[in-house]
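Written below as structure tokens is the structure these notes are about.
Hydrogens, waters and symmetry mates play no part in the numbers below; they use all other heavy atoms, side chains included. Chain A is the first sequence line, chain B the second, and so forth, proteins listed ahead of strands; every chain is numbered from 1.
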Number of protein chains: 2
Amino acid sequence: VTANPTTAGSISKEVLDRLRAVVGPVGIIEEPNDIAPYCRSWRDDWQGRVPAVLRPLTTREAAQIVSICAETGVAIVPQGGNTGLTGAGQPHDNMSEVIVSTSRMKRIRDIDVVNDTMTVDAGVVLKDIQTAADKVDRLFPLSLGAEGSCQIGGNISTNAGGIQVLRYGNTRNLVLGLEVVLADGRIWEGLRSLSKDNTGYDMKQLFIGGEGTLGLITAATLRLFPKPTASETAWIALDSPQASVALLGHMRQQMGDAVSAFELLSRAVIDLLLAGVPGHEDPMREVHPWYVLMNVTSQGAAGSLHVPLSEALAKALDVGLLQDAQIAASGAQAAKLWRMRECLSEAQLAAGGSIAHDISVPVSRIAEFLQRADRALATAYPGIRLCAFGHVGDGNMHYNPVRPLDWDWPRYKIERPTINRIVHDIVSELGGSISAEHGIGRSRLAELVRYKRPVELEMMRTIKRSLDPKGIMNPGKLVSV
Amino acid sequence: VTANPTTAGSISKEVLDRLRAVVGPVGIIEEPNDIAPYCRSWRDDWQGRVPAVLRPLTTREAAQIVSICAETGVAIVPQGGNTGLTGAGQPHDNMSEVIVSTSRMKRIRDIDVVNDTMTVDAGVVLKDIQTAADKVDRLFPLSLGAEGSCQIGGNISTNAGGIQVLRYGNTRNLVLGLEVVLADGRIWEGLRSLSKDNTGYDMKQLFIGGEGTLGLITAATLRLFPKPTASETAWIALDSPQASVALLGHMRQQMGDAVSAFELLSRAVIDLLLAGVPGHEDPMREVHPWYVLMNVTSQGAAGSLHVPLSEALAKALDVGLLQDAQIAASGAQAAKLWRMRECLSEAQLAAGGSIAHDISVPVSRIAEFLQRADRALATAYPGIRLCAFGHVGDGNMHYNPVRPLDWDWPRYKIERPTINRIVHDIVSELGGSISAEHGIGRSRLAELVRYKRPVELEMMRTIKRSLDPKGIMNPGKLVSV
């Protein structure tokens, strides 16, 4: 039995009866109107159809579901908060799959403040994990736009990034152990809470970033950190992206790991924001071509970073690394600056829609990437509105050109593959990645074949075939078998 | 063709001729006397016999060697600096394998100081990498006793730990990309230098800590860090292991990531050192049951950590977390303290030999582990000399009881399996690992079957069979197929 969502028929009544018996009436959704929201991505760019959404309450129920699906060849689309950007969480269109949602698996199982770890069900919302950590005077540093609704299982399955990767690493770096239902329904109890464990292949690494294609993550043990007690936010004006890279080096040299977030924004992005989203204002009187929004944190006394930060910025000004800088005078002012960063998706929508690229290159090639991509797009599409921002310390730019003012969205949207090709060819030549943090899902699957070396694609297929021989786990996502 | 080192016969002259033709006369060692050092572990606890040691100069040569071995079913033992502790780098005894040594692959291929990365051949000695980083004003933080002779390929294959894991993570955290010759001789060019790349399964994670059982690592791209400019070392007396855990929490709360090393040592260990190794002296006049050797570093001005460290230690003294503390007055004095830590293996040898355990437990369970293991061993072996030290921030203790004074080594050595069982059963009950940083190799292979859950063992076998179907890569190590 091999699942194939592009050709398979619908799922038999007998199978649905068996699945319903596992979770009971509260654990299954079968009304098409109630199913619909689970089948659509929030950007409305992916949708599909399934006969049922299963919402197990326990790992045991989840394992029984996967067992039945494995036995009967029914494909599973694992889903967390449904906030992904690549179509990895949406089903195909032919009623051949079931969605298994972790949304009822919401227990915080354990917090160990001495070991600095927390063990949680896969369905716990990221914000709730942050809050639970905060209550015991710890930090769980994963932070991203969707944190109010995304679930940790989904964060792990996409190896989510966000704004604090520079200081704390990707989600991969925050996971010590996993509990996973494997593709045959067995449960792997891998919830270790150890910093060091060299007893064999580190199997959890395959499920982290595996987009649900190898198994269903049901729980995780996460690392916690001391909660910073001092924090300062600065808004910095620069004349070029090169300057931001040099400034980052300077700041890390001066303040080390205190530099916890370092976001680059182009003036064009600020203009889109000010024009399209109410409630924001330009933090500086003069206009500059580039900005950095930076956060520094430490374990020192509140306010103790103000002087070191001022001095480091003054030195940077002296040597021409920056044009102007402001340190937020209050927490409210800092929050206002960060809200600008968070509203950039809205700004692009308001401007008429953008074509998104979530790329990374070596930090030393960021300036070259922007220069080449800007030039290529401006030549191919006169009037295109360039829009670049991102995590410069990770080499990760969200490069989302907005349609020319005199084009409508349908006309622009048709150009997506061509624009992707222009941008991603440059990324590839610079040794970069076509998906730095959002993953592959369905949206980058065809491109992966172009940019990934055949040897590596074949290794990925080998892994997929060996851990999910029947191909029932999220087929047609991440890797084409 | 499937390699089986326990039954296979010797390697044919034709195959040796083909292998010799790849590397030329300078790249092959066939004289038994010259081969012998490659077949012995440095602790002399593992040895074997091979007809040849192959020393490729390039990745291409390495790939040709693996191709020939795959075709003819000859097993390969990959070897770096031959400093491992588990028998992973030594061949079996029946002339059925060849050693492939990376010792001629010594190029530093590239250093990118803006991206903070370095790309090196697998055979570069760790110390040479540290030095090369230092020359460009960067830190490569991996640091361990064997750093003068171990090679980075071996460090990666064992996911080496060392004394700075607390601050910088394991080797796994320091590797951005790998170049690997796969088990069929194909080359995987995975030398990415990106902090973020979510384009599929993170394949490098299987080779990191894979002990050469899935492929031969030929090069790696490594992360560099800003070089600390301020550093202080403290020698701290404590009354219990519990106090060390509490002190670590206090220090991280006070000084955050400045805490870069935090080593716990029992008084018994210090006694063995002072009695058995010349050139050391007790740093304190009074005797205390436990000590911590701590390092703090930052990007601040030289000396700038002295006051914050003094204040943090004074606070700890006030609340009873420590009994006494000294901050090293000079770099020389700090080096002298760290030399004590480095000479502990010698001290155990001088005391007549120990039975080593490289275990980890959740940090919150360290005190309980020590209490239970000490009691069990003292009961079973009256007169046994308990000897515990290690990386308390990682939950990783080297727990190496020394033979009773009236026992000789042969008598004590016979007890190894029983002592291992006593210690590791306790570790397992506390949710710990029987190999925190040294790996499995051959020395822990049988025990792994006792302590690893069957589902995970089966996953490991599945991975081994899928990436090395002929079983030629370091058979009989890490995983029993």
Side-chain angles (χ1 to χ4, degrees), chain A residues 112 114-115 158-159 161 165 170 173 186 188-190 192-203 205-206 209-210 226 245 249 252-257 298-299 360 362-364 394-396 431-440 448 452-453 455-456 459-460 462-463 466-467 478-479, chain B residues 112 114-115 158-159 161 165 170 173 186 188-190 192-203 205-206 209-210 226 245 249 252-257 298-299 360 362-364 394-396 431-440 448 452-453 455-456 459-460 462-463 466-467 478-479:
Chain A
D112 181 340
V114 176
N115 197 44
T158 52
N159 184 27
V165 172
N170 292 302
N173 194 46
R186 285 178 304 163
W188 172 43
E189 294 172 356
R192 288 184 276 265
S193 54
L194 306 169
S195 301
K196 281 183 177 175
D197 177 26
N198 279 348
T199 56
Y201 308 136
D202 193 355
M203 293 305 308
Q205 305 290 352
L206 289 176
V245 173
R252 292 187 73 191
Q253 204 59 249
Q254 294 285 312
M255 304 192 69
D257 270 339
S298 83
Q299 303 306 120
S360 69
V363 174
S364 49
D394 312 321
N396 176 197
S433 166
I434 64 164
S435 187
E437 51 180 20
H438 296 165
I440 297 299
L448 200 62
K452 202 90 162 173
R453 289 172 200 276
V455 169
E456 190 167 345
M459 285 166 71
M460 285 172 54
T462 299
I463 295 298
S466 67
L467 293 179
L478 185 73
V479 56
Chain B
D112 182 340
V114 176
N115 197 42
T158 52
N159 184 30
V165 171
N170 292 302
N173 195 45
R186 285 178 304 165
W188 173 43
E189 295 173 355
R192 289 184 275 264
S193 54
L194 306 169
S195 301
K196 281 184 176 173
D197 177 27
N198 279 349
T199 56
Y201 308 135
D202 193 356
M203 294 304 308
Q205 305 290 352
L206 289 176
V245 173
R252 292 186 73 191
Q253 204 58 252
Q254 294 285 312
M255 305 191 69
D257 271 339
S298 82
Q299 305 305 121
S360 68
V363 174
S364 49
D394 312 320
N396 176 196
S433 166
I434 64 164
S435 187
E437 51 181 20
H438 297 165
I440 297 300
L448 200 62
K452 202 91 162 173
R453 288 171 200 275
V455 169
E456 188 167 346
M459 284 165 72
M460 285 172 54
T462 300
I463 294 299
S466 67
L467 293 179
L478 184 73
V479 57

Can you find a pair of side-chain heavy atoms, one from A:M203 and one from B:I463, that are under 4.5 Å apart?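 The answer is yes, as the side chains (C-beta and beyond) meet within the 4.5 Å cut-off.
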Which bit of [X] comes within less than 4.5 Å of chain A, counting heavy atoms only: side chain, backbone, both or neither?
X: B:L206; result: both
X: B:M255; result: backbone
X: B:L478; result: side chain
X: B:D112; result: side chain
X: B:N396; result: side chain
X: B:Q254; result: backbone

Among A:S435, A:G256, A:P226, A:S193, who wins on heavy-atom pairs under 4.5 Å with chain B?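 Most pairs with chain B among the choices: A:S435.
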I'd like to verify something: which residue of A:V455, A:V479, A:T199, A:V363 has the highest number of heavy-atom pairs under 4.5 Å with chain B?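 Heavy-atom pair counts peak at A:T199.
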Largest heavy-atom contact set with chain A, pairs under 4.5 Å, which of [options]:
options: B:S298, B:S466, B:P362; answer: B:P362
options: B:G200, B:G249, B:A436; answer: B:A436
options: B:L467, B:D197, B:N170; answer: B:D197

Minimum heavy-atom distance between A:M459 and B:W188, given as atom pair plus value: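 Reported closest heavy-atom pair: SD-CG, 3.9 Å.
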Looking only at heavy atoms, what is the nearest atom pair of B:R252 and A:Q299, with distance?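 Nearest heavy atoms, B:R252 then A:Q299: O-CG, 3.4 Å.
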Between A:S360 (side chain only) and B:K196 (backbone N and O only), is there a donor and an acceptor less than 3.5 Å apart?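 It does hold such a pair.
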With no hydrogens and no angle check, is any side-chain donor or acceptor of A:N198 less than 3.5 Å from a backbone partner on B:G439?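 Not at all, since once roles are kept as given, no pair shorter than 3.5 Å links the two residues.
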Which atoms of A:L448 are under 4.5 Å from chain B, going by heavy atoms: the side chain, the backbone, both sets, or neither?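 Contact with chain B is through the side chain of A:L448 alone.
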[atom2] on [Y] to [atom1] on [X], rounded to 0.5 Å:
X: A:S364; Y: B:N115; atom1: OG; atom2: CG; result: 4.5 Å
X: B:D257; Y: A:D257; atom1: CG; atom2: CG; result: 5.0 Å
X: A:S433; Y: B:L194; atom1: OG; atom2: CG; result: 6.0 Å

Could you check whether B:R186 pairs with A:E456 (Lys NZ or Arg NE/NH1/NH2 to Asp/Glu carboxylate O, under 4.0 Å)?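 Salt bridge flag = no for A:E456 with B:R186.
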